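Notes follow once the structure below has been shown.
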Amino acid sequence: MAALRYAGLDDTDSEDELPPGWEERTTKDGWVYYANHTEEKTQWEHPKTGKRKRVAGDLPYGWEQETDENGQVFFVDHINKRTTYVDPRLAFTVDDNPTKPTTQQRYDGSTTAMEILQGRDFTGKVVVVTGANSGIGFETAKSFALHGAHVILACRNMARASEAVSRILEEWHKAKVEAMALDLALLRSVQHFAEAFKAKNVPLHVLVCNAAAFALPWSLTKDGLETTFQVNHLGHFYLVQLLQDVLCRSAPARVIVVSSESHRFTDINDSLGKLDFSRLSPSKNDYWAMLAYNRSKLCNVLFSNELHRRLSPRGVTSNAVHPGNMMYSNIHRSWWVYTLLFTLARPFTKSM
């Protein structure tokens, strides 16, 4: 329940209790106004706080908005066959003029994801997070879900993804969260995911490209490409291309690419300064796991920057982010040496 207090979505009544004789109503376009039955007047500002509010999100399933002969909005509950003049969304209103902090908010290594999103309302927003069954992806998905977003966990292992969905629902049973299959090591799977997502006919406001592989032994995917390169970069690149039209229709929207500071410690050009494609998907003899990871992260940054240049005029922003050094997660599970190294560093780094 502590997490829900951060989200502002706990199951308690609003603290902005109205004085006697006042009633809260909504307009047809979702603005909240207040009726004073004693003085027979209405006003936009809350009689105590002075704030203006609006309702957030769509009506619950089975509800419909109508207007009576006097022009007043009322609501029909088709499931329970009743009508009311009270908007069922009034429990989830948001401030139209939120108070801005007088000083800039600062965050550090101990700041949690819930604290970052405190006070934000993502009701009506659709978020896709790849690799969201554990680690950074799970915490990101959970934070969005507890702040009202419809979150889709795009994962390769559906059993673990279903467990992650259950863990989020345990924190808030009203969270709108689901899992969909996505294997970035198989381009056909990426295509199937995009087709299944589009079939839902929902917008896409945030796409978090989080899934990654680290310290893998050399191998080729079924598409004939080196695995680290395809999982960390090319799979996400293809996913964004397939969902680009949905992102643009949903603007303002954004793409977040989880990269790493390690992108600074490599190069993908040859001695003449030209792009060397053999470095992106190297042969077994030219493969070094750490170098392959660094190059994939450099591709992430270059891709994010170019995507922002192309789509920002259409209302879609893209940013690459470094999540933190030596964070203890499942990404290092492929080799015991890295597991030992991350374990030793764990007391000095950020937690999930």
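Since we're looking at a predicted model, the values are computed, not measured.
With a 4.5 Å cut-off on side-chain heavy atoms, V255 and T317 do not count as touching. Here the side chains of V206 and V128 are not in contact, with every heavy-atom distance at 4.5 Å or above. In this structure the side chain of L216 reaches within 4.5 angstrom of the side chain of Y287, judged on heavy atoms. In this structure, the side chains of T83 and D77 stay at 4.5 Å or more apart for every pair of heavy atoms.
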_side-chain hydrogen bond (donor to acceptor under 3.5 Å, both in side chains) for D183 and S189? Distances and angles first, verdict last._
CA-CA 6 Å; D183 185 356; S189 173; 5.5 Å; no
*Run the side-chain hydrogen bond (donor to acceptor under 3.5 Å, both in side chains) check on D223 and Q230 step by step: do they pass?*
CA-CA 9 Å; D223 300 300; Q230 180 165 331; 2.8 Å; yes
_If you apply the rule side-chain hydrogen bond (donor to acceptor under 3.5 Å, both in side chains), what do you find for H46 with E24, and how did you get there?_
CA-CA 9 Å; H46 189 285; E24 195 173 34; 5.8 Å; no
*Output, in order, the C-alpha distance, side-chain angles, deciding distance and verdict of side-chain hydrogen bond (donor to acceptor under 3.5 Å, both in side chains) for T227 and S219.*
CA-CA 6 Å; T227 303; S219 66; 2.7 Å; yes
*For I79 and W63, run side chain to side chain contact (heavy atoms under 4.5 Å, CB included): C-alpha distance rounded to whole Å, both residues' side-chain angles, the deciding distance at 0.1 Å, then the answer.*
CA-CA 8 Å; I79 296 177; W63 285 78; over 6 Å; no
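S259 places a side-chain N or O within donor-acceptor distance of the main-chain N or O of K297, the cut-off being under 3.5 Å. H147 contributes a side-chain N or O that, together with a main-chain N or O of L117, makes up a donor-acceptor pair within less than 3.5 Å. In this structure, N210 contributes its side chain and G131 its backbone to a donor-acceptor pair below 3.5 Å. Between the side chain of H308 and the backbone N or O of S318 there is at least one donor-acceptor pair closer than 3.5 Å. With hydrogens and angles disregarded, no donor-acceptor distance shorter than 3.5 Å links the side chain of S304 to the backbone of V257. Under a 3.5 Å cut-off, the side chain of S166 and the backbone N or O of S162 do form a donor-acceptor pair.
Connection of L187 to L239 is established within a shared hydrophobic cluster, with ILVMFWY side chains joined at heavy-atom distances below 4.5 Å, either directly or through further cluster members. Both L225 and L302 belong to a common hydrophobic cluster when Ile, Leu, Val, Met, Phe, Trp and Tyr are linked at side-chain heavy-atom distances under 4.5 angstrom. Using a 4.5 Å cut-off between side-chain heavy atoms of Ile, Leu, Val, Met, Phe, Trp and Tyr, with links allowed through other members, F74 and V32 fall into different hydrophobic clusters. Residue F214 is grouped with residue W288 when hydrophobic side chains (ILVMFWY) are merged at heavy-atom distances under 4.5 angstrom, including chains of intermediate members. L169 and V127 fall within the same hydrophobic cluster, defined by Ile, Leu, Val, Met, Phe, Trp and Tyr side-chain heavy atoms under 4.5 Å apart, directly or through other members.
Across S283 and W218, no two heavy atoms sit closer than the pair C-NE1, 3.5 Å.
No more than 12 heavy atoms of other residues, nucleotides or ligands shown are found within 6.0 angstrom of NZ on K222.
The cationic group of R167 lies under 6.0 Å from the six-membered ring centre of F138 and within 45° of the ring axis, placing it in a cation-pi geometry.
Between W44 and Y33, the angle of the ring planes goes over 60°, which puts this pair in the perpendicular group of the 30/60° scheme. In this pair, F193 and F197 present their aromatic rings parallel. The plane angle is below 30°, not in the 30 to 60° band.
A distance of 10.5 Å separates OH in Y238 from CG in L243, rounded to the nearest 0.5 Å.
Ion pairing between a basic and an acidic side chain is recognised when a charged N comes within 4.0 Å of a carboxylate O; R309 and E306 show such pairing. Salt bridge present: E139 and K142 bring a charged side-chain N and a carboxylate O closer than 4.0 Å.
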